[in-house]
There are 2 protein chains.
Amino acid sequence: MRHPPTLEAVAEAAGVSRATVSRVVNGSPRVRGEVVEAVQKAIAELGYVPNRAARSLASSRTHSIALLVPEEVSRFFGDPYFASFTTGLDRRLAASEYVLNLVVARDDPDRKAVRYVRGGNVDGAIVVSHHSGHEFLAQLEGVVPIVFGGRPEAGISAEPYFVDVDNVAGGRLATEHLLGLGRRRIATIAGPVDMTASMDRLAGFRAAMDDAGLPSTAIDYGNFTAPGAAAAMRRLLEEQPDLDGLFVASDLMATGALRVLAARGIRVPDDIAIVGYDDSPAATWGEIGLTTVSQPSELMGATTVDVLLRLLGGDPDVPHANIVPTELIIRESA
Amino acid sequence: MRHPPTLEAVAEAAGVSRATVSRVVNGSPRVRGEVVEAVQKAIAELGYVPNRAARSLASSRTHSIALLVPEEVSRFFGDPYFASFTTGLDRRLAASEYVLNLVVARDDPDRKAVRYVRGGNVDGAIVVSHHSGHEFLAQLEGVVPIVFGGRPEAGISAEPYFVDVDNVAGGRLATEHLLGLGRRRIATIAGPVDMTASMDRLAGFRAAMDDAGLPSTAIDYGNFTAPGAAAAMRRLLEEQPDLDGLFVASDLMATGALRVLAARGIRVPDDIAIVGYDDSPAATWGEIGLTTVSQPSELMGATTVDVLLRLLGGDPDVPHANIVPTELIIRESA
DNA sequence: TTGTATGCGTTATCAG
DNA sequence: CTGATAACGCATACAA
């Protein structure tokens, strides 16, 4: 592990001062053309790469941002939403000077994540999760700019920057589609009660049912997991066997519900029409394509980066709430 | 974004020198007890967190390692192997002082990944991928210690450190399971002859048969594809119609073999017991679950970290080849 | 346009 | 056991 070349070495090789080399490296316009060339030649020959720690120490900017994911690693990987979100984020980030540091930690016992951010490792952070109540995030308040993928629970941040879809509108959209198909005995499988996204979708469901003059009583909860949704589906069928419509708050949960229906010989969409949420890959895993509300998660990831970069760029009027549109993707299930 | 407290501030608050504070922070044994307490109190009160850039610059250690994944982001997330590998890796790393920097880049046009590592951002790197031929990795040679998850293709690294499964043991494991079921007329469908993984599995098969005093003559090759395996299956049945056991060197090939058996009305496992390899999703595609040899990917991730940490710790005799055991996943086919 | 000098926050090497 | 003090590699006011 030999010693890498420093600015000093490049300067010597090019016959200029360190300051000039630094200017060339940072693309300063006021350096004479031939000097630039000479320096770049020296850089190439020596294989010089700026030392990030030194650069960061001197400029107090790290050129890296953290993606904080307060989830289990397995959960992070298992959920297509995160995959898609991260893809959009990564793509957008690739076009910038920044690099991404992924910090996945469900709980943060040693406060490693907090120490990481507070230790000046990153210029900003993006937080994505389906959960809330991670009060350790409060420790990051005011340290660096933070943008949330999905509106955070109140209490985590006073006036957060976030990117989100209009989940109430999404829930309404799904439900109205079912109503438009003539379904009247419609149930919903919601996500966790401690998550705004989940609760907003439920609110949209209720609003649509109210508007149609129908009772929105068939409600159960699936915790955003397939097994959880399967259990919810069983309970719903027990209470109301003659359901003809179902809105499930995530596609992953929908797969769980579909499995239960298939096992009982209940046909989709003939007997029960189903609308999911997310337009994740899970929507097309099964025999029949799932009609679903599309969360443009890739766009959300990209937008989150945009917002953060504007913040880092010192843009004075970045909006706190950044809402991206949802749309209904119609397939076979409804 | 206020100015975070520095060592200096802590030193002043505790009435000692910076050097002493540094010692306390780094757990040096030779500091008087009461002084330690005073310093820790000051640290807590000020909410001091060491600045990583400065620390890294001074000590030339970053306490972070990179996970380099030369794949598409979507591929990285979609593949259960990576998910599981990363889970094991992350768990092991959580117990250490290190943090993980994820760098996913299929191609590296701007050499961002290379620059990142060469820029002194990490103390070491772990590389996982299904692909080979990523010559950009050669640029990292000698910069920091690197450990590969899975033996890298020759040419990427002269004498690489890597973690891999023991394919010979895997082939043996599968075959011995068949023998343990009382099967005696056992055939195998191997992979390509020019792949070590494939040949090692075959060697394991032969060794197990030898040990059992049985002839290992029923051998054919399926090129790791389902059609190839189907053809091999037909040839094997032609030569020896009374087979009662079969070891197929990949689950994908097993699906091809199973199709042939089904077409001929040969029952699995009643007539022929089958063991596959990989524990891939293909193992559960069919009607009957495939008993298969699984790569303990989570263990591999953890082991990769272990190896790297030993390297970083200056351990003089870390083995280059680190082989982890395989395990048998028993389902219905054998 | 270029060079000089200083400081960024820590660690590490000396003395004491 | 503790305190000065010199690096660490780079960016950047300030001079020239």
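Chain A is the first sequence line, chain B the second, and so forth, proteins listed ahead of strands; every chain is numbered from 1.
Between the P atom of dG9(D) and the NE2 atom of His63(A) lies a distance of 19 Å, rounded to the nearest Å. When rounded to the nearest whole Å, the span between CZ of Arg61(B) and C1' of dG9(D) equals 17 Å. Taking atom CG of Leu57(A) as the reference point, atom C1' of dC8(C) lies 4 Å away to the nearest angstrom. The distance from atom CG of Asn51(A) to atom C1' of dT10(C) is 14 Å, rounded to the nearest whole Å. Nucleotide dG9(D) holds its C1' atom 15 Å from the CD atom of Glu12(A), rounded to whole Å. The separation between Leu46(B) atom CG and dG9(C) atom P is 14 Å, rounded to whole Å.
Asn121(A) places none of its side-chain heavy atoms less than 4.5 Å from the side chain of Ser64(A). A heavy-atom distance below 4.5 Å is found between the side chains of Met300(A) and Val165(A). Ile146(B) places none of its side-chain heavy atoms less than 4.5 Å from the side chain of Tyr161(B). For the pair Asp164(A) and Val324(A), the minimum side-chain heavy-atom distance is 4.5 Å or more. In this structure the side chain of Asn101(A) never reaches within 4.5 angstrom of the side chain of Ile65(A), judged on heavy atoms.
Place Glu8(A) and Arg23(A) on DNA chain D by their nearest nucleotides, and Glu8(A) ends up nearer the 5' end. Each of Pro29(A) and Arg18(B) lies near DNA chain C, and the nucleotide nearest Pro29(A) is the one positioned closer to the 5' end. Residue order along DNA chain C, read from the 5' end via each residue's closest nucleotide, puts Gly15(A) first among Ala58(A) and Gly15(A).
Among dA12(C), dT2(D), dT10(C), the nucleotide with an atom closest to any side-chain atom of Ser59(B) is dA12(C). Of the candidates dG3(C), dC10(D), dT10(C), the closest approach to any side-chain atom of Thr6(A) belongs to dC10(D). Comparing dA4(D), dT12(D), dG9(C) by their nearest atom to the side chain of Ser22(A) picks out dT12(D). Nearest to the side chain of Val31(A), among dG3(D), dT2(C), dC1(D), sits dT2(C). For Arg55(B), the listed nucleotide lying nearest its side chain is dT10(C); candidates were dT10(C), dT2(C), dA12(C).
Using a 4.0 Å heavy-atom criterion, one finds that Arg52(B) contacts no nucleic acid atom at all. Looking at heavy-atom distances under 4.0 Å, Leu7(B) makes contact with a base. In this structure, Val35(B) reaches the sugar-phosphate backbone alone: every heavy-atom distance under 4.0 Å involves primed, P, OP1 or OP2 atoms, never a base. Looking at heavy-atom distances under 4.0 Å, Val16(B) makes contact with sugar-phosphate atoms alone, never a base.
OP1 or OP2 of dA11(D) lies within a sub-4.0 Å distance of a side-chain N or O belonging to Asn26(A). Proximity of Ser17(A) to the phosphate of dG3(C): a side-chain N or O atom is located under 4.0 Å from OP1 or OP2. OP1 or OP2 of dG3(C) has not a single side-chain nitrogen or oxygen of Arg32(A) nearer than 4.0 Å.
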**OP:** Test salt bridge (charged side-chain N to carboxylate O under 4.0 Å, His left out) on Glu45(A) and Lys41(A) and set out the steps.
**Re:** CA-CA 6 Å; Glu45(A) 277 171 358; Lys41(A) 182 159 165 283; 3.5 Å; yes
